[in-house]
Structure formats: C-alpha cells, structure tokens
Chemist: 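Take this structure first; my questions come after.
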Amino acid sequence: MSQPVISEQAQGRGATEHVHVVIVGTGFSGLGMAIRLKQQGRDDFVVLERAADVGGTWRDNTYPGCACDVPSHLYSFSFAQNPNWSRAFSPQGEIWDYLRNCANHYGIMPHIRWNSALHEARWDEGERRWHITTAQGQLTADVLIAGQGPLSEPSLPAIPGIEQFAGKLFHSAQWDHAHDLRGERVAVIGTGASAIQFVPRIQPVVGQLTLLMRTPPWIMPRMDHAVAPWRQALFRAAPFTQRLVRGTIYAQREIGALAMVYRPKMLHSVEKQSLKHLAAQVPDPVLRAKLTPKYRMGCKRILLSDDFYPAVSQPNVEVATTGIREVRAHSIITQDGQEHEVDTIICATGFHVTDMPIAGQICGRDGRSLADAWRDGPQAYYGATVAGFPNLFLLIGPNTGLGHTSMVYMIESQISYVLDALRTMDRQGVQAVEVRATSQKAFNAEVQRRMAGTVWTSGCASWYLDAQGHNTTLWPGFTFEFRRRTRRFDAGSYELMPR
Ligand SMILES: Cc1cc2nc3c(=O)[nH]c(=O)nc-3n(C[C@H](O)[C@H](O)[C@H](O)COP(=O)(O)OP(=O)(O)OC[C@H]3O[C@@H](n4cnc5c(N)ncnc54)[C@H](O)[C@@H]3O)c2cc1C
C-alpha cells in the first residue's frame, strides 16, 4: 500500500483527506500499532497525537522519581528490546527516550499529526467509514484504532472548597517544575503508585509535608539496582541472553496472576513479608498502625518502594488518615476537624479510567457514543471491539489491565489481533467488521463470572471498579491465556460486511 498523499490544504484546513487507518495516541499502544502496521508493509495510516511529542504516560508523568514498576527488560516491546536499560526499573526519561527511538527507528514520525486531538469520530453507515474531526481539521478513515491510554486523563478530587484554594495546586501527571517546593508546606492527596515514588523525593526539600491517606497501600521491597555495564554488553553481543532474562521475569510475574485470580490465599505469606518490611522501616508503633493496610493484598495495586516508609517517618511529615472535609484558601480541614495550613497541594489522585472522555467522542452505527453504550459500565470483546461500532478497535480497552505484569504484553496481544482482523478483511473482501452483540455479551459474562473469587472482589474500593462496582478494568487470568485467545481474529464472532 502506498503512503497517503496529503496536500497542505488537506492537512486540516479545508478538503477532507481519506486514509485507510487512523490510530489515536503515541504511547506504547499507538506506536506499537503503527510500527507493526509498517512492518507489514501497510503505509496508509495516520497517527493522531494531541501533544507535540510521542510517549504518552512516559511523556506526561515527569514527577520526581517517576519510573516503571515492572522491570524494564519486560516492560518494553518484544520486537525492540533495549540492551542498554540502566536500571531494573528504569526512570521515566529513559522510557520516554526509548519510545522516541522506536518511533524514529521504525519510521513512524512522518505519520504522526501533532497537536491533533481527536475531537469526534462518527461512523457513517452509508459510506462505511469514520468521519473524524481533530484539532487540526477533518479526515475520514476505514478503520479507527483508539490507543488513547487508560491512564491519560488526570482525575482531580471533588473536595468541597477546592476551587477556592489560593495556593498552588497540580496533579502529579501535570507536575509544575517551575514551582519551587523548597521550604513550603505541601499536602499530598493520595498514596498510590505515583505518590509513593515522589514523596521520598520531595520530603527532604519541603518544609512540612502533610500526606492525606485514605487507605494505606501494601508495599513490598523494590529491589531496584543498576544494570552492570558487562550485562549490557552481553545483551548487545548476544541478544538471546536478554530474551532469557525477559522470559524469566515474565514467568515469575505470572505467579502473581495465579495468586490474585485463582489462589488469593497465596498472598497471605506475601502480606507477612510486606508487614515485615513495614516493621523494619517504621519503628514508631503509632505511625506503623496508620500505615498498616486493612484489606487483602492485591485488591489494589501492590506497590514497590524502599524509601517511602523512611521518608514518611521523618519529623517534617504528618500522615493524616481521617479523610478530607474541605479545602479553604490556605488550608485543608480533615474529618477530625484539624486544620492543616498548606502552600501547595499535589493531587496524586489517579486518572479517569472507567469514565474516559474519549468515550463521549466516538459515535457508532446508530449515532450512539461509546459513553452511551457504556452507561452501565465499559464493555468490549477482548477489550478490542464493541457491538454497534464497526471498524473500531480499542487498544487496552475494558478488562485488559493487569495488576501483576507488563501492560506491553497485553498491548502486543491486541495489536496482533487487530493486524489479523485487517488481513482477514483484505483476504475476504470485507469492508467492515462488527462484533456480534451476543459474542460480546457471552465474553463479558465469562469475564465477570471469573472475577468472583479473585482478590479484586475481596471488598476494597479501587479504581479497578466502575460506578456499578464491577471490575471492568482487569483481565481475570494469565496473560498467556489472553494471548492465545487473541492470536487469531475470530471472524465467526463478527458481522462481516462485504465491499
Ligand atoms: C506513572 C505511571 C507509571 C506506570 N508504570 C507502569 C509499569 O511499570 N508497568 C506497566 O505495565 N504499566 C505501567 N503504567 C501504565 C501505562 O499507562 C501503560 O503501561 C502504557 O504506558 C499505556 O500506553 P498507552 O499507549 O495505551 O497509553 P498512554 O501512554 O497514556 O498514551 C496515550 C496517548 O494518547 C494520546 N491521546 C489521548 N487522548 C487523545 C485524543 N483524544 N486525541 C489524540 N491523542 C490522544 C495521549 O496524549 C498519549 O500520548 C504506568 C502508568 C502511569 C501513569
């Protein structure tokens, strides 16, 4: 297939350009999809990116201490292994560079439309194509692949009075590096995966740190370490040695799925290890009690840190656990009536996961948006296709998230599925595919049936659950099962509309 010829006018200011495939996003999902399309000799695609650089999560999250918490040798593309990772858990800047290098190396940059947020995508049933409006203009596409990321829309807490706060307030995913925290009274709301990475970095710098923690997380030792130069040299000289390391990490991590999905009791011994880690690092019994989790390990994401507990044990840190009543111009009032005076509030309060804005912008066959279709909670078929939305493929859609291993593994599984769908369409002369509602329903019934008995339904509140309390976020099984089941596009589960 040939590269689309795009006139300057068609770049957005006038005529409507047509391409075979539009991909949204340049994180691991969008870039991975674009690279695999290119490798298959498919050039007729455009990637829409609302920002001015690639990288997604790893471009946006620049808070101090940001790093992956799945080892880099696994948290990377299988087809683009990087022998030069500097650490077991590489820092944000290095992962961002890796993604940039991938985009350059595989020739994806010319396909990307920068500052081109998708505003609306509307399926035209007569033409059997997508009409897409972006920040830079219009285009049409046969196929739309949405890789906008499940953790790309920062969520700010709805606390009474927060809009009256007169100090500085920002989300951890939108870190304000121009703002100097030195000597300030800083409040951090939330103690999830981001907060436990940046709290140890800001604690020595700030004057006073108030950590507002609703639920103490389970924390395990991180055991991060530098990758020795001789190992990097070995990986460069003999790439199979790195694949071996990757395979070993993968296998070890799948034990996490065994525990969380099938044998939650296995986690009891891990809970003991975590409590030992806490006891070793927090001698003060009062603080230790505050930091002791009261739900089953694994119900929320298990966090890794060697420096969070020592940081919150310092005299300039106060851990408040009673919840927030209101925010005033210069303070936060907690439920126990205490007033905490603060200059800056940092919200480490996560993302819009089950209510992502793009769902309101994609409208399918009957003009209904994904948000409408998902009124009772997000649902898809293998997290990829949705009844009523022909030729739409989601990357890391509902029920493809993981609590134990690399999301890149799931992303690559889904990419193979989409590629096979496109091949099937070409081979069979099909213009559009749409998953049957019955197939989608049966799949989701299976997923929800399998959720029962997992650690995620053991009674904690978490971002894995939608407004109805269903876990529409995670895949309830081994990742190799997901890969096996998505290896081929199962055309039998779809309506195929001929050209
Ligand atoms: C701080 C942090 C640490 C993490 N660590 C790990 C880890 O260690 N291991 C792991 O497996 N996972 C981790 N994750 C999850 C991580 O999000 C995924 O692993 C992965 O990076 C998701 O890639 P993605 O391409 O799907 O989404 P993203 O990386 O979020 O990329 C989405 C892209 O789409 C663009 N976009 C969104 N909406 C639009 C629109 N309307 N129009 C145009 N462009 C749009 C965004 O600008 C962005 O570039 C982490 C997440 C966070 C936030």
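We count ligands from 1, going down the list as the structure has it; atoms in each ligand are counted the same way. These values consider heavy atoms only, across backbone and side chains, with no hydrogens, waters or symmetry-generated copies.
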Chemist: For ligand 1, is there an N or O atom under 3.5 Å from any N or O atom of E49?
Modeler: yes

Chemist: Between F351 and W463, is a ring pair (Phe, Tyr, Trp, His ring centres under 6.0 Å) present by the stated rule, with each step listed?
Modeler: CA-CA 8 Å; F351 300 86; W463 60 264; 8.3 Å; no

Chemist: Tell me the protein heavy atom at minimum distance from atom 3 (C) of ligand 1, and give that distance in Å.
Modeler: W58 CH2, 3.6 Å

Chemist: Any nitrogen or oxygen of L118 lying under 3.5 Å from a nitrogen or oxygen in ligand 1? Just yes or no.
Modeler: yes

Chemist: May I ask you to establish whether R483 and Y409 are in a cation-pi arrangement, using a distance under 6.0 Å from NZ or CZ to the six-membered ring centre and at most 45° from the ring axis?
Modeler: yes

Chemist: Strictly by modelled atom types, are R423 and Q40 linked by a side-chain donor-acceptor pair under 3.5 Å?
Modeler: yes

Chemist: With respect to E153, determine whether any N or O atom, backbone or side chain, lies less than 3.5 Å from an N or O atom of ligand 1.
Modeler: no

Chemist: Between T57 and F28, is there a side-chain heavy-atom distance shorter than 4.5 Å?
Modeler: no

Chemist: Please could you name the atoms of ligand 1 that A117 approaches to less than 4.0 Å, counting only its heavy atoms?
Modeler: 42 (N), 43 (C)

Chemist: Can you check whether F28 has an N/O within less than 3.5 Å of an N/O in ligand 1?
Modeler: yes

Chemist: Answer yes or no: does an N/O atom from R301 fall short of 3.5 Å to an N/O atom of ligand 1?
Modeler: no

Chemist: Need the ligand 1 atom indices (1-based, order shown) with element for anything under 4.0 Å from a heavy-atom of N61.
Modeler: 1 (C), 53 (C)

Chemist: Check the orientation of W475 and Y382. Use parallel for under 30°, tilted for 30 to 60°, and perpendicular for over 60°.
Modeler: tilted

Chemist: Any ion pair linking E17 and R113 (charged N to carboxylate O, less than 4.0 Å)?
Modeler: yes

Chemist: Taking 4.0 angstrom as the limit and counting only heavy atoms of V24, give me the atoms of ligand 1 inside it, by number and element.
Modeler: 39 (C), 40 (C), 42 (N), 43 (C), 44 (N), 45 (C)

Chemist: Touching ligand 1 at all, Y63? Heavy atoms, strictly under 4.0 Å?
Modeler: yes

Chemist: So which protein heavy atom does atom 15 (C) of ligand 1 come closest to, and at what separation?
Modeler: L151 CD1, 3.9 Å

Chemist: May I ask you to identify, for F351, whether its side chain, its backbone, both or neither come under 4.0 Å of ligand 1 on a heavy-atom basis?
Modeler: side chain

Chemist: Hey, which atoms in ligand 1 end up nearer than 4.0 Å to a heavy atom of C68?
Modeler: 8 (O)

Chemist: Kindly say whether the aromatic ring centers of F235 and H73 come within a distance under 6.0 Å.
Modeler: yes

Chemist: How far is atom 27 (O) of ligand 1 from its nearest protein heavy atom, and which residue and atom is that?
Modeler: G149 CA, 3.1 Å

Chemist: Tell me which protein heavy atom sits closest to atom 19 (O) of ligand 1, plus the residue, atom name and distance to 0.1 Å.
Modeler: Y75 OH, 2.6 Å

Chemist: Considering heavy atoms of the protein only, find what lies nearest to atom 29 (O) of ligand 1 and give residue, atom and distance to 0.1 Å.
Modeler: T57 N, 2.8 Å

Chemist: Does any donor atom in the side chain of T140 or H18 lie under 3.5 Å from an acceptor atom in the other side chain?
Modeler: yes

Chemist: Which one holds for T405 and ligand 1: side chain close, backbone close, both close, or neither close, with close meaning a heavy atom under 4.0 Å?
Modeler: backbone

Chemist: With only distance considered, is M407 within less than 3.5 Å of ligand 1 through an N or O on each side?
Modeler: yes

Chemist: Residue-level breakdown please: for S29 versus ligand 1, do any non-hydrogen atoms fall below 4.0 Å on the side chain, on the backbone, on both, or on neither?
Modeler: both

Chemist: For atom 22 (C) of ligand 1, what's the nearest protein heavy-atom neighbour? Residue, atom name and distance, please.
Modeler: I396 CD1, 4.0 Å

Chemist: Counting non-hydrogen protein atoms only, what is the nearest one to atom 36 (N) of ligand 1? Give residue, atom name and distance.
Modeler: R50 NE, 3.8 Å

Chemist: Does R59 have a heavy atom less than 4.0 Å from any atom of ligand 1?
Modeler: yes

Chemist: Could you find the nearest protein heavy atom to atom 32 (C) of ligand 1 and give me its residue, atom name and distance?
Modeler: Q148 O, 3.2 Å

Chemist: Using a strict cut-off of 4.0 Å, indicate which atoms of ligand 1 neighbour a heavy atom of G56.
Modeler: 28 (P), 29 (O), 31 (O), 48 (C), 49 (O)

Chemist: Within 45 degrees of the ring normal and closer than 6.0 Å to the centroid, is that where the cationic atom of R100 sits relative to W96?
Modeler: yes

Chemist: Please confirm whether D69 comes within less than 3.5 Å of ligand 1 when only nitrogen or oxygen atoms on both sides are compared.
Modeler: yes

Chemist: Which one holds for V70 and ligand 1: side chain close, backbone close, both close, or neither close, with close meaning a heavy atom under 4.0 Å?
Modeler: both

Chemist: Quick check: F45 with H111 (ring centres under 6.0 Å apart)?
Modeler: yes

Chemist: Judged by modelled atom types alone, do Q361 and S369 share a side-chain donor-acceptor pair under 3.5 Å?
Modeler: no

Chemist: Does a donor on one side chain and an acceptor on the other come within less than 3.5 Å for Y417 and D490?
Modeler: yes

Chemist: With no hydrogens and no angle check, just 3.5 Å: does a side-chain donor-acceptor pair link N84 and S86?
Modeler: no

Chemist: May I ask you to check whether Y63 and Q197 show a side-chain donor-acceptor distance below 3.5 Å?
Modeler: yes

Chemist: Measure the spacing between OG1 of T344 and CG of L181 and express it to the nearest 0.5 Å.
Modeler: 5.5 Å

